**Q** 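Below you will find the structure I want to go over with you.
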Amino acid sequence: MLEEEANDKRVVHIESGVVQHGALGVNNFFVKTPDVGTFSALMYAMSSLMKNVRLYVSEEGMNINESVSRDDMHLFVKFRASAFEEFQSDGDCVVCFDPNHIYQCIRGHRQRDVMTLSFDKKKPRVLLVRIMRDGESTELECDIRLSGCVRQIYNAPTVEVDYFLAFDTGVFAKIISELYELRKDFTDNWVTIDCSPCSMVFSKLNGYKIPKVRIELKTAENNSDTNTENENKKRRKRSKTDSDAQMVESECTRKIKQKNVTHEYYITDLHLLQKCFAINHGYIMMYIKEEFPLVIEIKVGTLGVLRAVLMYRQSGFDDDN
């Protein structure tokens, strides 16, 4: 990494050393956002999961769409154009870069700094990242070297789910961390998640229950007489302070008749998502359906959402898959 001072701008050139494969970006784009902290956290999380990220840009917004961890996990990030302070795109474009390079560039941001990302098709090997300092005339510019990539997009049909759950991010992260630490004491590295209309239970070793990892659903029928009346209303979830209240809502369709859903998931894959959980300190959403991958949804600040889709254990799976 080289730095130089020029016209009150600190310019950083990041050499990636990547080998080009496939096509480079073909259309110009420019985006601007003050939510630098969230974008920095996203790049930090992505850097622990993959070496290169493909960023898809169109007039509708920006997307990241990647398969990781032996193709047992898929990550989807969606940012609508309207979520940015400024968004310009000449058409569909895809650029590929190492997320750690952007993270290293913007991690020293300040609370009110503003970030821009811009791509010029005349310079197809460079993504320009600029940080405009609040109250200062200086700017930080980073030239992020791009690699070529093969365009690949994953799609999934809309389906009904058995359960739609809102989880405190800190609680869920703590459960996963403790189960991951216990992995050496058990015969396999799989964790069972058993969801019923009244509770969710995390367990290991063929049903041996880990103490205190049982979550009672606040909307369970035996806990409230007003569930039917409020079934179609938004549920207000509060954190430790009233000022940090969030509205929990979703576009998903839930089955009217629910039954127990039990699946096993590779604990290492869940642990890999820990840095993604840190993007949002409020709530994560979970979508559970019988014989369907687990979907975890995390808000990415004011920009959009990240969905992690994790495959459950099937016949023939083992710890070395």
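Values reported hereafter were calculated over all heavy atoms of this structure, with side chains retained and with hydrogens, waters and symmetry mates removed. Note that the structure is predicted; figures quoted are calculated from it, not measured.
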**Q** With rounding to the nearest 0.5 Å, note down the distance linking CE in Met43 to CD in Gln104.
**A** 13.0 Å
**Q** Roughly how far, to the nearest 0.5 Å, is CD1 of Ile279 from CD1 of Ile284?
**A** 11.5 Å
**Q** With no hydrogens and no angle check, is any side-chain donor or acceptor of His263 less than 3.5 Å from a backbone partner on Glu291?
**A** yes
**Q** Starting at CE of Met115, measure out to CZ of Phe84 and round the result to the nearest 0.5 Å.
**A** 7.5 Å
**Q** Between Thr262 and Asp194 (side chain of the first, backbone of the second, donor and acceptor by atom type, cut-off under 3.5 Å), is there such a pair?
**A** no
**Q** State whether Glu66 and Arg54 are salt-bridged, where the test is any N-O pair (Lys NZ or Arg NE/NH1/NH2 against Asp/Glu carboxylate O) under 4.0 Å.
**A** yes
**Q** Grab the two heavy atoms, one from Asp113 and one from Val36, that are nearest each other, plus how far apart they are.
**A** O-CG2, 3.4 Å
**Q** Hey, could you give me the CD1/OG1 distance between Ile176 and Thr268, rounded to the nearest 0.5 Å?
**A** 11.0 Å
**Q** In Å and rounded to the nearest 0.5 Å, what is the OH to CZ distance from Tyr44 to Arg107?
**A** 10.0 Å
**Q** Measure the CG-CZ distance between Asn52 and Phe97 for me, rounded to the nearest 0.5 Å.
**A** 9.0 Å
**Q** Counting the benzene-type ring for Trp, do Trp190 and Tyr266 have ring centres under 6.0 Å apart?
**A** yes
**Q** For the rings on Tyr265 and Tyr312, is their centre-to-centre separation under 6.0 Å?
**A** no
**Q** Would you call Asp162 and Lys289 a salt bridge, taking side-chain N to carboxylate O under 4.0 Å as the test?
**A** no
**Q** Quick check: do Met200 and Phe167 have side-chain heavy atoms less than 4.5 Å from each other?
**A** yes
**Q** Do Val126 and Arg145 make a side-chain contact, defined as non-hydrogen atoms from C-beta onward lying under 4.5 Å apart?
**A** yes
**Q** Does the side chain of Tyr103 reach to within under 4.5 Å of the side chain of Ser40, using non-hydrogen atoms?
**A** yes
**Q** With side chains defined as the heavy atoms from C-beta onward, is the minimum distance between Asn28 and Lys121 less than 4.5 Å?
**A** yes
**Q** Can you label the angle between the Phe39 ring and the Phe79 ring as parallel, tilted or perpendicular, going by 30° and 60°?
**A** tilted
**Q** Just to verify, what does Asp35 make a side-chain hydrogen bond (donor to acceptor under 3.5 Å, both in side chains) with, not counting sequence neighbours?
**A** Thr38, Thr302
**Q** Side chains of Asp143 and Glu141, heavy atoms from C-beta outward: is any pair under 4.5 Å?
**A** no
**Q** Just so I know, are the side chains of Ile296 and Leu294 near enough to count as touching, which here means a heavy-atom distance under 4.5 Å?
**A** yes
